[in-house]
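Here is how names work: the chains are called A, B, and so on, in the same order as the sequence lines, proteins then strands, and each is numbered from 1.
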Number of protein chains: 2
Amino acid sequence: MNQKILMEKLEAHQIPVSLQRIHILSFLFENPGHYRAEEVYETLKPKVPTLSKSTVYNTLHLFSEKGLLRTLSLEEGVTHYDAMMEDHAHFICEQCHQITNVPLQEALPQIDLPGTQIHQKDLIYRGICQKCLV
Amino acid sequence: MNQKILMEKLEAHQIPVSLQRIHILSFLFENPGHYRAEEVYETLKPKVPTLSKSTVYNTLHLFSEKGLLRTLSLEEGVTHYDAMMEDHAHFICEQCHQITNVPLQEALPQIDLPGTQIHQKDLIYRGICQKCLV
DNA sequence: CTAGGTGCAAAACATTTGCAAGGTA
DNA sequence: TACCTTGCAAATGTTTTGCACCTAG
């Protein structure tokens, strides 16, 4: 993705532009998936040798807060980030921990919690995937 | 809850009975809620002085595996356990981290993943609760 | 006697924090 | 200069692991 578009995306979400942020954003949008901070760090480290882990953590947290990413708490103790912002569900295999996107045929149920603000809805299916069932 | 019923519940899920398991199960069923392992440990420690943290972790993990509890990964880095097994959604406040049960008016969408086994469905709403909005 | 359950301490792991150094307007 | 971002290392908090002891069958 070209650098100009990435910068516009950052600015549209009121995030000051920086080199590291462009790299991280670029990776997430060009390689759709569900990444842990560690994976982002390991992948980008060769390209951006000075990159540090705290920057990756800071940046992913910031992006998520500004609505550029979706934060997924699917497994104990690990956070994944997903650049696909449209409503969709996730399936996670309890054995191999692989995460699959599941398109939604119907809208998620509305809930009635007076006086609350809803920011994100997550529908998660847990089980064993086809590969692991063999 | 009487001890006999608890023992039957354990046996019904093919879990060998032990004193610690009865205590933990008893607490979870008599005090519905969403607990972290640490909280279970701190609550039971006075009653069961020899109780250790690893036993609590082991036991909660075992219970969840055997279908006696529901494992919730709602927040980064923390696991909650919920003894209410009927389908229901959760609302978690991003500010005070309080978890609220949300009854479901309608069934959760069926998904179509051929060859997979679904064990658990979780619907999570994230946002800011009434108290924190003031 | 044997297998499994337990307790303790140490280890592992993901994430956060403090602070000094760097870059940019 | 002033401010925000970054990098490093240390700290934090949760969960797991290794191992010896204990207990029930």
Side-chain angles (χ1 to χ4, degrees), chain A residues 3 6-7 10-11 13-27 34-66 68-69 71-81 92 94 97 99, chain B residues 3 6-7 10-11 13-27 34-66 68-69 71-81 94-95 97 99:
Chain A
Q3 190 145 332
L6 292 169
M7 290 173 66
L10 287 173
E11 281 158 4
H13 286 81
Q14 290 143 42
I15 300 170
V17 174
S18 83
L19 191 62
Q20 284 83 344
R21 288 173 185 167
I22 288 182
H23 271 107
I24 293 174
L25 187 63
S26 163
F27 168 68
H34 312 89
Y35 298 100
R36 293 177 297 130
E38 184 76 25
E39 291 169 330
V40 174
Y41 173 74
E42 292 300 339
T43 309
L44 291 181
K45 182 77 180 170
K47 286 186 222 167
V48 193
T50 73
L51 188 66
S52 79
K53 269 191 206 177
S54 27
T55 300
V56 175
Y57 277 97
N58 284 340
T59 305
L60 292 175
H61 204 268
L62 178 69
F63 284 2
S64 162
E65 205 169 78
K66 298 291 188 179
L68 212 46
L69 298 178
T71 299
L72 303 178
S73 290
L74 301 181
E75 294 179 272
E76 320 191 358
V78 203
T79 304
H80 292 261
Y81 292 93
I92 179 164
E94 289 164 343
H97 303 115
I99 302 168
Chain B
Q3 190 145 329
L6 293 168
M7 289 174 67
L10 287 172
E11 280 159 5
H13 286 82
Q14 288 143 44
I15 300 171
V17 174
S18 83
L19 191 62
Q20 284 82 346
R21 288 174 184 166
I22 289 182
H23 271 107
I24 293 173
L25 188 63
S26 163
F27 168 68
H34 312 89
Y35 299 100
R36 292 176 297 129
E38 183 75 26
E39 290 169 330
V40 175
Y41 172 74
E42 292 300 338
T43 308
L44 291 181
K45 183 76 179 170
K47 286 185 224 167
V48 192
T50 72
L51 187 67
S52 78
K53 269 191 206 177
S54 25
T55 300
V56 174
Y57 277 96
N58 284 341
T59 304
L60 293 174
H61 204 268
L62 177 69
F63 284 1
S64 161
E65 206 169 76
K66 297 293 188 177
L68 212 44
L69 298 179
T71 300
L72 303 178
S73 291
L74 302 180
E75 295 178 88
E76 318 190 0
V78 202
T79 304
H80 293 261
Y81 292 92
E94 288 164 341
Q95 201 163 317
H97 303 116
I99 302 168

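- A sub-4.0 Å separation between OP1 or OP2 of C/dT16 and a side-chain N or O of A/Y57 is absent.
- At whole-Å resolution of the value, CG in B/L10 and C1' in C/dG4 are 15 Å apart.
- Residue A/S54 places its side chain closer to C/dT17 than to any other of C/dT15, C/dT17, C/dG7.
- Atoms NE2 (A/H61) and C1' (D/dT5) sit 17 Å apart, rounded to a whole Å.
- Within the 4.5 Å cutoff, side-chain heavy atoms of B/L74 are placed close to those of B/I99.
- Closest to the side chain of B/R21, out of C/dT6, D/dT15, C/dA14, is C/dT6.
- Between A/T55 and the phosphate of D/dT6, there is no side-chain N or O to OP1/OP2 separation shorter than 4.0 Å.
- Of the two residues contacting DNA chain C, namely B/S52 and A/Y81, the nearest-nucleotide position lying further toward the 5' end is that of B/S52.
- Two residues are said to be in side-chain contact when any heavy atoms from C-beta on lie closer than 4.5 Å; A/Y35 and A/L60 fail this criterion.
- In terms of heavy atoms, B/S64 sits closest to B/T71 at OG-OG1, 2.6 Å.
- When distances run from any side-chain atom of B/P16 to the nucleotides C/dG5, C/dC8, D/dG7, the shortest one goes to C/dG5.
- The interatomic distance linking A/I22 (CD1) with C/dG23 (P) rounds to 17 Å, in whole Å.
- A/L51 places a side-chain heavy atom less than 4.5 Å from the side chain of A/Q20.
- Whole-Å rounding puts the A/K53 NZ to C/dA14 P distance at 8 Å.
- Nucleotide C/dC13 holds its C1' atom 13 Å from the CD atom of A/E76, rounded to whole Å.
- Distance B/I15 CD1 to C/dT6 C1': 16 Å, rounded to the nearest Å.
- Side-chain N/O atoms of A/H80 and A/E39 include no donor and acceptor closer than 3.5 Å.
- As a whole-Å value, the separation of A/H23 NE2 from D/dT5 P is 18 Å.
- For A/N58, the listed nucleotide lying nearest its side chain is D/dT6; candidates were C/dT6, D/dT6, C/dA14.
- Ranked by how close their nearest DNA chain C nucleotide is to the 5' end, B/G77 and B/V48 are led by B/V48.
- If you check residues 39-47 of chain B against DNA chain D, you find no residue with a heavy atom closer than 4.0 Å.
- Nearest approach of B/E75 to A/S73, heavy atoms of both residues: C-OG, 3.8 Å.
- Atom P of nucleotide C/dT6 and atom CD of B/Q20 are separated by 4 Å, given to the nearest angstrom.
- Candidate nucleotides C/dG5, C/dG7, D/dT15 were compared by shortest atom distance to the side chain of B/A37, and D/dT15 ranks first.
- The closest side-chain heavy-atom distance from B/V78 to B/H97 is not below 4.5 Å.
- Contact annotation: A/S18 side-chain N/O to D/dC4 OP1/OP2 distance is not under 4.0 Å.
- Across all their heavy atoms, A/R21 and A/F63 have their closest contact at O-CZ, 3.7 Å.
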